[in-house]
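Data block below; observations after.
Numbering of ligands and ligand atoms starts at 1, following listing order.
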Amino acid sequence: MTKVLYPGSFDPIHLGHVDVIEQASRLFGHVVIAILHNPEKHGGVFTVEQRIHLINGALADGPCAGKYSVKAFPGLAVDAAKAADVDFIVKGLRNSGDFEIEQQMAHTNLAVAGVPTVYLPCSPERSSVSSRFVREIAQYGGDPSSMVPSNVTAALKEIFS
Ligand code: PNS
């Protein structure tokens with residue numbers, strides 16, 4: 001069985017993530033969703049425990065039920081990949097900006113630890129969804145419901161209303 005790691009901050013999970021996880025769970029046997037620290041992002045809206053809860057709430061009854069697990073890992077994505085014993089890392093690509101960043105990370109992760117990366121294109125209707133925009137829209141009283149699963153919309157409303 002092919003097992004893959006899908007790393008990210010997931011603060012919070014959005015429909016672009018769901019799209020990539022569903023694609024990966026169709027293509028591969030098992031997707032380990034890894035919550036990692038992004039050194040460029042400080043603070044955060046949701047705690048790691050809340051992020052895990054929101055991910056499970058978004059996926060548990062969907063098409064990838066039984067084909068994923070979710071866990072937080074300290075440190076590097078390659079160490080998470082080794083700890084989770086996966087075959088490779090999966091990343092979603094929205095646009096050429098993502099490609100530039102992800103290509104650097106993929107080359108580095110391969111060079112330092114021999115862990116390969118596979119890219120999956122996100123579906124066109126998800127190409128502008130980002131956790132940052134979701135957080136900003138919710139913080140300023142906007143409606144993020146077209147970008148996130150319904151349990152995430154409810155959790156954001158609870159925090160920012
Ligand atoms: O959802 P994000 O914030 O775009 O995900 C970025 C993330 C968490 C996958 C990335 O920052 C990461 O891999 N962090 C772990 C630290 C690491 O492995 N750094 C070296 C990257 S080459």
Side-chain angles (χ1 to χ4, degrees), residues 2-25 27-28 30-59 64 68-139 144 146-149 151-153 155-156 159:
T2 306
K3 203 169 155 192
V4 300
L5 190 88
Y6 181 46
S9 310
F10 302 106
D11 185 34
I13 186 170
H14 57 61
L15 293 176
H17 295 133
V18 173
D19 171 34
V20 172
I21 295 163
E22 287 181 357
Q23 289 190 58
S25 73
L27 290 166
F28 313 116
H30 186 86
V31 183
V32 180
I33 301 165
I35 302 180
L36 292 172
H37 176 63
N38 182 339
E40 287 171 17
K41 295 180 182 168
H42 302 288
V45 169
F46 293 103
T47 65
V48 167
E49 290 69 28
Q50 288 171 325
R51 293 178 207 188
I52 292 173
H53 182 71
L54 290 172
I55 291 169
N56 279 320
L59 301 177
C64 41
Y68 79 93
S69 54
V70 52
K71 197 173 170 204
F73 293 88
L76 298 173
V78 290
D79 290 336
K82 291 196 169 160
D85 195 24
V86 299
D87 298 286
F88 49 85
I89 291 172
V90 164
K91 290 291 189 81
L93 293 183
R94 288 168 298 194
N95 49 45
S96 57
D98 276 356
F99 177 75
E100 296 292 330
I101 297 163
E102 295 301 343
Q103 185 82 329
Q104 273 186 317
M105 283 205 262
H107 287 162
T108 306
N109 287 334
L110 190 63
V112 298
V115 179
T117 299
V118 163
Y119 305 133
L120 292 176
C122 74
S123 46
E125 64 272 21
R126 305 292 178 220
S127 66
S128 56
V129 179
S130 77
S131 294
R132 191 187 124 205
F133 291 162
V134 167
R135 289 194 301 271
E136 284 179 8
I137 288 166
Q139 269 162 7
S146 64
M147 298 193 284
V148 291
N151 64 322
V152 175
T153 302
L156 287 164
I159 290 181

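- Within the 4.0 Å heavy-atom criterion, neither part of E40 lies near ligand 1.
- On a distance-only criterion, A77 and ligand 1 share at least one N/O pair closer than 3.5 Å.
- Protein heavy atom closest to atom 4 (O) of ligand 1, with residue, atom name and distance, is K41 NZ, 3.8 Å.
- In the vicinity of L76, heavy-atom distances shorter than 4.0 Å reach the ligand 1 atoms 16 (C), 17 (C), 18 (O), 19 (N).
- Backbone and side-chain nitrogen or oxygen atoms of T108 are examined, and none is located within less than 3.5 angstrom of a nitrogen or oxygen of ligand 1.
- Nearest heavy-atom pair across I35 and V48 is CD1-O, 4.2 Å.
- Of all protein heavy atoms, the one lying nearest to atom 6 (C) of ligand 1 is N38 ND2, 3.8 Å.
- Pairing each heavy atom of P12 with each of H17, the nearest pair is O-CE1, 3.8 Å.
- Remark: ligand 1 and H17 share no N or O pair separated by less than 3.5 Å (distance only, no angle test).
- G8 CA, 3.5 Å is the protein heavy atom nearest to atom 5 (O) of ligand 1.
- Smallest separation of non-hydrogen atoms from I159 and V45: CD1-CG1, 3.8 Å.
- Considering only non-hydrogen protein atoms, atom 1 (O) of ligand 1 sits nearest to S9 N, 3.0 Å.
- Q23 places a side-chain N or O within 3.5 Å of a backbone atom of P121 that can act as its donor or acceptor partner.
- Scanning the protein for heavy atoms near atom 8 (C) of ligand 1, the closest one is L36 CB, 3.8 Å.
- Counting only distance, with no hydrogens or angles, the side chain of R51 and the backbone of F46 share a donor-acceptor pair below 3.5 Å.
- With a heavy-atom cut-off of 4.0 Å, N109 touches ligand 1 through its side chain alone.
- Looking only at protein heavy atoms, the nearest one to atom 10 (C) of ligand 1 is M105 SD, 4.3 Å.
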Are I89 and M105 close enough, and set up right, to give a side chain to side chain contact (heavy atoms under 4.5 Å, CB included), and what steps lead you there? CA-CA 11 Å; I89 291 172; M105 283 205 262; over 6 Å; no
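- Residues Y6 and Y68 keep their aromatic ring centres 6.0 Å or farther apart.
- For atom 14 (N) of ligand 1, the closest heavy atom belonging to the protein is H37 O, 3.1 Å.
- Contact analysis leaves A34 out of contact with ligand 1, as no non-hydrogen atom separation drops below 4.0 angstrom.
- For the pair N109 (side chain) and V78 (backbone), a donor-acceptor distance under 3.5 Å is absent.
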Given V86 and K3, is the side chain to side chain contact (heavy atoms under 4.5 Å, CB included) satisfied, shown in steps? CA-CA 5 Å; V86 299; K3 203 169 155 192; 4.2 Å; yes
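- In terms of N/O distances under 3.5 Å, ligand 1 is not approached by K91.
- Within a 6.0 Å radius of NE2 in H53, no more than 12 heavy atoms belonging to other residues, nucleotides or ligands are found.
- Residue G75 approaches ligand 1 through these ligand atoms, each under 4.0 Å from one of its heavy atoms: 15 (C), 16 (C).
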